[in-house]
Amino acid sequence: MAKTEKVVRVSVTFPPDLLRDFDEVIRKIGYENRSKAVQDAVRLFVSERKWLQEEKGLQAGVLMLLYDHEVRGLEEALTDVQHDYAHIISSTMHIHLTERECLEAIAVKGDAGEIRKLSDELSSKRGVKIMKTMIVSL
Ligand code: NI
């Protein structure tokens, strides 16, 4: 980082329960403030996404998402997206976790770019809380 580069202040909103969980986790780890923890979390997100974006060729694996099925229209939207990518989806397993939360494991095999597009379309929907991709190159 150049000496002249200053930090930039941004404002973000959090659902209260997410912020509570975040604060608890960073307190246990020993972070002194939220800024450093948020920077580390964002850095991890960026590096993971960058890595996924640079992959090419044939891949296979599982996309795992945790979502709130009470978010209006979400379940239908997730199904619509999966129908659009039926050519790379081998199967989907749906688990009703709690009253509100569902876990979906989507087995995929196909072009890296297609898998990435599917992953992006699913993870960017409001109500999707966690999206993990476990992908191997073939
Ligand atoms: Ni469910």
Side-chain angles (χ1 to χ4, degrees):
M1 192 186 286
K3 269 184 187 161
T4 52
E5 203 169 334
K6 296 199 175 75
V7 293
V8 180
R9 183 177 293 273
V10 294
S11 169
V12 293
T13 59
F14 280 85
D17 56 341
L18 176 60
L19 191 60
R20 207 162 35 241
D21 285 351
F22 186 68
D23 283 343
E24 194 186 322
V25 166
I26 68 176
R27 185 182 52 76
K28 280 183 183 162
I29 297 173
Y31 279 96
E32 284 169 18
N33 61 62
R34 280 180 184 154
S35 288
K36 163 92 166 85
V38 171
Q39 287 164 25
D40 288 359
V42 170
R43 204 170 285 122
L44 196 65
F45 180 88
V46 169
S47 78
E48 188 181 285
R49 289 289 157 158
K50 262 191 187 162
W51 182 78
L52 282 172
Q53 278 161 16
E54 283 159 12
E55 290 290 303
K56 286 187 175 68
L58 192 62
Q59 293 183 331
V62 179
L63 310 181
M64 192 194 82
L65 58 154
L66 180 76
Y67 66 90
D68 180 347
H69 79 199
E70 287 184 14
V71 169
R72 192 184 296 269
L74 177 60
E75 209 140 51
E76 199 187 341
L78 294 176
T79 302
D80 282 348
V81 171
Q82 291 184 58
H83 277 267
D84 290 342
Y85 289 86
H87 56 290
I88 59 165
I89 296 176
S90 319
S91 75
T92 300
M93 178 168 63
H94 184 101
I95 304 147
H96 310 299
L97 277 188
T98 65
E99 284 286 303
R100 293 187 63 155
E101 289 175 318
C102 297
L103 183 74
E104 224 158 73
I106 304 167
V108 292
K109 183 183 170 187
D111 174 68
E114 286 283 291
I115 293 175
R116 189 179 315 127
K117 277 197 284 178
L118 168 62
S119 162
D120 290 346
E121 283 189 37
L122 294 170
S123 65
S124 57
K125 296 264 181 295
R126 192 177 70 87
V128 174
K129 294 172 171 176
I130 294 175
M131 170 75 163
K132 290 207 173 191
T133 51
M134 287 158 283
I135 300 290
V136 291
S137 290
L138 301 175

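Keep in mind that this is a model prediction, so the values were computed, not measured. Along the sequence shown, the residues carry numbers beginning at 1.
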*Asks:* Rounded to the nearest 0.5 Å, how far does OG1 of T13 lie from CG of L18?
*Replies:*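 Here the interatomic distance stands at 10.0 Å.
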
*Asks:* Listing request: all salt bridge (Lys or Arg N to Asp or Glu O under 4.0 Å) pairs with a residue in residues 81-105, at least two apart in sequence or in separate chains.
*Replies:* D68-R100, E70-R100, E101-K129

*Asks:* If hydrophobic clusters are built by linking Ile, Leu, Val, Met, Phe, Trp and Tyr wherever their side-chain heavy atoms come under 4.5 Å apart, do I130 and V71 end up in the same one?
*Replies:*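 In one cluster with I130: V71, no.
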
*Asks:* Can you name the closest pair of heavy atoms from G110 and I88 and give their distance?
*Replies:*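 Taking G110 first and I88 second, the nearest heavy atoms are CA-CG2, 4.0 Å.
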
*Asks:* If you measure from CE on M134 to CG on L63, what distance do you get to the nearest 0.5 Å?
*Replies:*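 M134 atom CE to L63 atom CG measures 8.0 Å (nearest 0.5 Å).
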
*Asks:* Can you pull out every salt bridge (Lys or Arg N to Asp or Glu O under 4.0 Å) where at least one residue sits in residues 112-121? Sequence neighbours excluded, please.
*Replies:* R49-D120, E114-K117

*Asks:* side-chain hydrogen bond (donor to acceptor under 3.5 Å, both in side chains): which pairs involve residues 71-80, sequence neighbours left out?
*Replies:*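 side-chain hydrogen bond (donor to acceptor under 3.5 Å, both in side chains) check on residues 71-80 returns Y67-E75.
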
*Asks:* Nearest 0.5 angstrom please: L97 CG to C102 SG, how far?
*Replies:*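 With rounding to 0.5 Å, CG (L97) is 7.0 Å from SG (C102).
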
*Asks:* Check side chain to side chain donor-acceptor pair (under 3.5 Å) between K28 and all other residues, then give those that pass, not counting sequence neighbours.
*Replies:*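 With neighbours one apart ignored, the set is E24.
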
*Asks:* Under a 4.5 Å side-chain heavy-atom rule over Ile, Leu, Val, Met, Phe, Trp and Tyr, are V62 and M131 clustered together?
*Replies:* no

*Asks:* Once side chain to side chain donor-acceptor pair (under 3.5 Å) is applied, do any residues pair with R34, and if so which ones, sequence neighbours excluded?
*Replies:* D23

*Asks:* For residues M64 and V81: do they belong to one hydrophobic cluster (side chain heavy atoms under 4.5 Å, members Ile, Leu, Val, Met, Phe, Trp, Tyr)?
*Replies:*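 Shared cluster, no.
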
*Asks:* With sequence neighbours excluded, give me every ring pair (Phe, Tyr, Trp, His ring centres under 6.0 Å) pair touching residues 5-50.
*Replies:* none

*Asks:* Step through the shown structure and confirm whether more than 12 heavy atoms of other residues, nucleotides or ligands are within 6.0 Å of NZ on K109.
*Replies:* no

*Asks:* Minimum heavy-atom separation for L138 and A60, please, with both atom names.
*Replies:*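 Looks like CD1-CB, 4.0 Å.
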
*Asks:* Give, for atom OG of S90 and atom CD1 of I106, the distance between the pair rounded to the nearest 0.5 Å.
*Replies:*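 So the OG of S90 and the CD1 of I106 are separated by 11.0 Å.
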
*Asks:* Do L103 and L122 sit in the same hydrophobic cluster, where Ile, Leu, Val, Met, Phe, Trp and Tyr count as joined when their side-chain heavy atoms come under 4.5 Å apart?
*Replies:*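 In one cluster with L103: L122, no.
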
*Asks:* Flag the pair V128 / L78 as yes when at least one side-chain heavy-atom distance between them is below 4.5 Å, and no otherwise.
*Replies:*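 Yes, their side chains come closer than 4.5 Å.
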
*Asks:* Got more than 12 heavy atoms from elsewhere within 6.0 Å of NE2, H83?
*Replies:*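 Atom NE2 in H83 is not packed in, count stays at 12 or less.
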
*Asks:* Determine, using the 4.5 Å side-chain heavy-atom cutoff (strictly less than), whether I89 and I135 are members of one ILVMFWY cluster.
*Replies:* yes

